[in-house]
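A quick note: this is a predicted structure, and the numbers were derived from the prediction, not measured. Letters A, B, ... are given to chains in the order of the sequence lines, protein chains preceding strands, and every chain is numbered from 1.
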Amino acid sequence: MSEERSVADIRLEKVRRMRELGHDPYGVERFERSHAVKSVLDEFEALEGQGVRLSGRLHSMRQMGKASFAHLSDGEEKVQLYFRKDDLGEVGWELSELLDIGDHVGVEGEMFRTKTGEKSVHVRRVVPMSKALQVLPLGKEKEGHHWYGLSDVETRYRHRHLDLICNPEARKRLLDRMRLTAAVRRFFDDLGYLEVETPMLQIEAGGAAARAFVTHYNAYDMDVKLRISLELYLKRLICGDLPKVYEIGRVFRNEGVSNRHSPEFTMLEFYEAYANLEDMMTRVEDLFRTVSMAVFGSTEVAIGDRRLDFARPWHRVHLLEEVERHTGLTPHDLSSLETAVVEARRLGVEDLATKAGGHIDLAKEKNLGGFIEKLLEVFVEPTLQDPTFVIGYPIETSPLAKKVPGDPSMTRRFEGYVVGREICNAFSEINDPVDQRARFEQQVAERARGDDEAHPMDEEFLFALECGMPPTGGCGIGIDRLAMILTGADHIRETILFPTMKPEH
RNA sequence: GAGUCGGUAGCUCAGUCGGUAGAGCAACGCCCUUUUAAGGCGUGGGUCCUGGGUUCGAGUCCCAGCCGACUCACCA
């Protein structure tokens with residue numbers, strides 16, 4: 001017995017047999033189809049009895065003597081194929097008998113309905129175009145139930161092609177994400193923005209508070225870092241009198257992973273000269289409306305158990321007012337870390353945080369700005385279900401944003417929230433080189449005190465500012481998270497084709 | 001980084017008290033010219049994640065490690 005033959009051996013034998021019959025599946029270079037599968041189903045009434053040419057992958061097979069049935073998928077829809085020995089001739093029939101689930105084929109035949117009413121192709125010619133040497137997790141299904149599939153998430157991420165073949169929901173979500181990116185591009189192109197590309201390898205990675213990946217540049221024998229944001233180079237282009245620029249690109253942050261964090265993720269940043277914070281809000285509102293229309297065909301999107309309508313303007317609230325509303329801490333209480341901690345103790349903020357499902361340890365708070373953002377995160381964020389802009393962020397955590405006139409502790413910065421999740425970060429950019437230098441110096445001092453995520457000094461950027469930058473509004477949006485929210489994904493990896501994974505062994 | 005849970009056939013999973021490794025789908029052979037979870041008869045298939053240990057005997061118990069999931073911490 002030859003029971004030790006592997007599936008691959010058996011299928012390679014079938015390839016040899018096909019070649020003996022005069023057809024080399026791997027020799028085929030092209031096959032011109034007349035229709036997409038979806039269109040032969042949609043236009044069936046007009047096509048019934050007409051010849052069609054289709055191509056795709058076999059998802060199921062039912063052989064029954066001198067006839068057989070199969071389902072062909074072109075990635076979008078599936079249609080049934082009907083093979084009959086009498087109609088295919090000896091060679092054609094034998095070729096069809098050598099087919100397996102997973103093979104790519106082209107077929108020629110006419111549309112008809114079977115006894116049970118299924119729209120099908122009565123195949124007159126079959127052209128095998130590649131053989132699946134591996135067993136694919138495909139097979140039988142009926143009315144939503146299926147007797148195959150790939151649910152192990154590790155396998156789905158490591159072998160994403162199998163996920164794309166077998167799991168229509170995963171496939172749709174990933175495709176939606178790609179269409180979303182395309183819609184974002186179209187949005188900015190239509191507004192007259194210029195799409196640019198800036199360096200990924202940098203001597204010092206700046207523009208955000210994060211740890212960078214380090215790699216080595218052999219030619220210059222020096223270590224370089226992978227970018228953690230797009231910000232500083234894009235603003236240097238604003239300084240170069242490119243008044244509207246955007247970039248969609250990968251940034252890298254050497255930090256922990258979670259369902260909302262991937263070490264490499266796709267950032268959108270856009271900058272517009274002579275525009276301010278309020279203009280950026282308008283841009284974000286327009287962007288969400290346009291993108292949801294382009295991807296989902298509606299400005300109304302169901303997210304979890306909520307229906308959001310991006311046709312409506314977003315709520316606008318002020319950070320300190322919201323914090324006061326939820327904690328009782330007044331702007332005056334929050335004028336210094338010391339008084340803030342005293343007042344927070346008096347109000348029992350730690351217990352309130354626990355009740356709200358968060359955690360605050362007053363003894364651990366190091367600076368006022370960080371504490372305020374912590375309060376925002378624990379008490380305010382969960383309440384921001386409808387699209388909302390939170391305006392006015394503390395200066396310590398906003399080293400690239402203009403100060404609020406008359407209030408040197410606050411900046412002209414906002415973040416946008418949807419279903420309690422932060423989705424964008426924007427500000428009126430600092431264009432005063434003296435102010436910017438002072439902010440960097442503050443950051444460098446933080447770094448010296450052990451904060452390895454503080455911004456480094458960037459003399460090149462400062463030089464550009466010194467040459468004159470117009471007033472500018474800027475905004476950053478994490479594309480993966482945007483896709484997560486809009487497609488209802490519970491893990492960021494569901495929106496990334498090939499998420500970072502440790503090697504299997 | 002910490003805690004909890006998981007890893008058994010190509011896929012989805014079961015495996016009792018420690019006693020010969022199981023099912024469905026997929027695969028292979030035969031029959032079957034409108035089936036659709038096609039059907040009938042038959043067959044093969046395992047590094048039970050890895051390495052140690054306990055035991056007459058380990059998929060099962062113990063220890064260590066690897067990979068993953070979830071929760072938490074940092075971050076967007």
Side-chain angles (χ1 to χ4, degrees), chain A residues 1-11 13-14 59-71 78 80-88 93 100-102 112-118 120 122 132-159 162 166-167 208-211 228-229 251 253-263 265-269 357-359 361 364 370 373-374 377 415-416 421-425 451-453 476-482 484 490-493 499 501-505:
Chain A
M1 297 262 308
S2 53
E3 68 274 6
E4 296 308 318
R5 289 168 76 212
S6 67
V7 171
D9 286 343
I10 291 163
R11 298 204 174 172
E13 179 56 38
K14 291 184 182 178
H59 275 223
S60 66
M61 292 207 74
R62 293 176 294 283
Q63 284 171 322
M64 32 187 312
K66 298 186 180 61
S68 57
F69 292 88
H71 272 100
K78 280 188 251 185
Q80 180 169 260
L81 306 179
Y82 174 52
F83 300 93
R84 233 171 67 132
K85 187 174 183 183
D86 293 349
D87 304 320
L88 287 162
W93 175 248
D100 288 295
I101 289 173
F112 80 114
R113 232 184 244 279
T114 60
K115 268 183 189 166
T116 49
E118 181 164 349
S120 307
H122 193 138
L133 302 182
Q134 302 281 348
V135 177
L136 270 54
L138 289 170
K140 299 176 183 178
E141 69 174 84
K142 187 186 188 181
E143 287 154 15
H145 294 275
H146 48 85
W147 284 261
Y148 64 87
L150 190 63
S151 63
D152 180 69
V153 291
E154 185 176 354
T155 312
R156 290 183 45 227
Y157 296 152
R158 287 192 196 278
H159 305 295
L162 293 177
C166 304
N167 293 324
R211 279 186 290 274
I228 59 172
S229 85
V251 301
R253 297 191 182 175
N254 206 341
E255 288 157 357
V257 299
S258 78
N259 65 330
R260 281 178 211 130
H261 298 85
S262 172
F265 63 102
T266 301
M267 216 30 204
L268 157 70
E269 290 191 30
H359 177 73
D361 183 352
K364 275 195 190 159
E373 288 206 16
K374 184 83 185 171
E377 178 193 323
E415 290 190 345
R421 300 204 205 151
E422 183 194 334
I423 189 59
C424 69
N425 178 24
D451 179 358
D452 54 1
E453 294 190 355
I477 296 180
I479 292 286
D480 318 79
R481 286 209 179 158
L482 178 62
M484 269 182 87
D490 53 7
H491 203 297
I492 195 167
R493 283 172 164 172
M501 305 282 281
K502 276 197 185 184
E504 254 171 307
H505 255 295

**Request:** Using the C1' atom as the reference point in each nucleotide, state the distance between G40(B) and U4(B) in Å, no decimals.
**Result:** 49 Å
**Asked** With rounding to whole Å, what would you report as the distance between G22(B) and G45(B) at their C1' atoms?
**Response** 13 Å
**Message:** I need the OH-P distance between Y82(A) and U33(B), as an integer number of Å.
**Reply:** 10 Å
**Item:** Separation of the P atoms in C72(B) and A58(B), to the nearest angstrom
**Value:** 41 Å
**Message:** Applying a 4.0 Å non-hydrogen cut-off, can you work out what F83(A) is touching in the nucleic acid: base, sugar-phosphate, or nothing?
**Reply:** nothing
**Prompt:** When the distance from CG of N259(A) to P of C72(B) is rounded to whole Å, what number comes out?
**Reply:** 8 Å
**Message:** With a 4.0 Å cutoff (strictly under), does any side-chain N or O of H491(A) reach OP1 or OP2 of A69(B)?
**Reply:** no
**Fill in**
Walking RNA chain B from its 5' end, the first of V135(A) and F112(A) to be reached, judged by nearest nucleotide, is V135(A)
**Prompt:** If you look at every strand shown and take non-hydrogen atoms under 4.0 Å, does N425(A) touch a base, only sugar-phosphate, or nothing?
**Reply:** nothing
**Message:** Distance check, P atoms only: U12(B) and U54(B), in whole angstrom units.
**Reply:** 36 Å
**Prompt:** Given side chains that start at C-beta, do those of R493(A) and R156(A) come closer than 4.5 Å, heavy atoms only?
**Reply:** no
**Prompt:** Which part of the nucleic acid, if any, lies within reach of R156(A) when heavy atoms closer than 4.0 Å are counted: base, sugar-phosphate only, or nothing?
**Reply:** nothing
**Item:** Nearest-angstrom distance from the residue atom CD of E255(A) to P of A73(B)
**Value:** 15 Å
**Item:** Parallel, tilted or perpendicular: ring planes of H122(A) versus Y82(A), cut at 30 and 60 degrees
**Value:** perpendicular
**Distance-minimising heavy-atom pair for L162(A) and L136(A)** = CD2-CG, 4.3 Å
**Request:** Check whether any side-chain nitrogen or oxygen of K14(A) sits under 4.0 Å from OP1 or OP2 of C28(B), and answer yes or no.
**Result:** yes
**Item:** Integer angstrom distance from the P of U8(B) to that of C13(B)
**Value:** 10 Å
**Asked** With no hydrogens and no angle check, do the side chains of S120(A) and Q80(A) hold a donor and an acceptor under 3.5 Å apart?
**Response** yes
**Request:** Check whether any side-chain heavy atom of E422(A) sits under 4.5 Å from a side-chain heavy atom of E377(A), and report yes or no.
**Result:** no
**Prompt:** Can you tell me how far C1' of G3(B) sits from NE2 of H359(A), to the nearest Å?
**Reply:** 16 Å
**Prompt:** Should R113(A) be listed as having a side-chain N or O under 4.0 Å from OP1 or OP2 of U34(B)?
**Reply:** no
**Request:** Report yes if the side chains of S229(A) and R253(A) come closer than 4.5 Å at any heavy-atom pair, otherwise no.
**Result:** yes
**Prompt:** Taking D480(A) for the side chain and T266(A) for the main chain, is one N or O donor matched with an acceptor at less than 3.5 Å?
**Reply:** yes
**Asked** Could you give the CD-to-C1' distance, from E154(A) to C70(B), as a whole number of Å?
**Response** 14 Å
**Message:** The side chain of M64(A) is closest to which nucleotide in this list: A69(B), U34(B), C74(B)?
**Reply:** U34(B)
**Request:** Under a 3.5 Å limit for both distances, which nucleotide forms a Watson-Crick or G-U wobble pair with A2(B), could you say?
**Result:** U71(B)
**Request:** Take L482(A) and I423(A), measure what side chain to side chain contact (heavy atoms under 4.5 Å, CB included) needs, and give me the verdict at the end.
**Result:** CA-CA 7 Å; L482(A) 178 62; I423(A) 189 59; 3.9 Å; yes
**Asked** Can you check the E377(A) CD to C74(B) P distance for me, whole Å?
**Response** 7 Å
**Message:** For a quick test of reading the model: is some side-chain N or O of R62(A) closer than 4.0 Å to OP1 or OP2 of U35(B)?
**Reply:** no
**Message:** In whole Å, I'd like the distance from the NZ atom of K85(A) to the C1' atom of C32(B).
**Reply:** 13 Å
**Request:** Could you tell me whether D152(A) contacts a base, only the sugar-phosphate backbone, or nothing, with contacts defined as non-hydrogen atoms closer than 4.0 Å?
**Result:** sugar-phosphate
**Request:** Specify the separation, in whole Å, of atom CG of L138(A) and atom C1' of G24(B).
**Result:** 16 Å
**Asked** Taking only side-chain nitrogens and oxygens of K502(A), does any of them come within less than 4.0 Å of OP1 or OP2 of C67(B)?
**Response** yes
**Prompt:** What nucleic acid atoms does R260(A) come within less than 4.0 Å of, heavy atoms only: base, sugar-phosphate, or nothing?
**Reply:** base
**Message:** Given U33(B), C74(B), G68(B), identify the nucleotide with an atom nearest to the side chain of M501(A).
**Reply:** G68(B)
**Message:** Using atom C1' in both nucleotides, what's the gap between C17(B) and C63(B) to the nearest angstrom?
**Reply:** 23 Å
**Message:** Say we look at C66(B) and C25(B): how far apart would their C1' atoms be, to the nearest angstrom?
**Reply:** 30 Å
**Message:** Suppose we call a contact any N or O donor and acceptor under 3.5 Å apart; does that hold for the side chain of Q80(A) and the base of U35(B)?
**Reply:** yes
**Request:** Select one nucleotide: of G68(B), U35(B), C74(B), the one nearest the side-chain heavy atoms of E453(A).
**Result:** C74(B)
**Message:** Please classify the nucleic acid contact of S262(A) as base, sugar-phosphate, or nothing, using heavy-atom distances under 4.0 Å.
**Reply:** base
**Prompt:** RNA chain B: V153(A) or I492(A), which has the more 5' nearest nucleotide?
**Reply:** V153(A)
**Request:** Could you give the distance separating U50(B) and C11(B) at their P atoms, to the nearest angstrom?
**Result:** 15 Å
**Side chain of I101(A) - closest among U35(B), U33(B), A27(B)** = A27(B)
**Prompt:** With both distances under 3.5 angstrom, what nucleotide forms a Watson-Crick or G-U wobble pair with U35(B)?
**Reply:** none
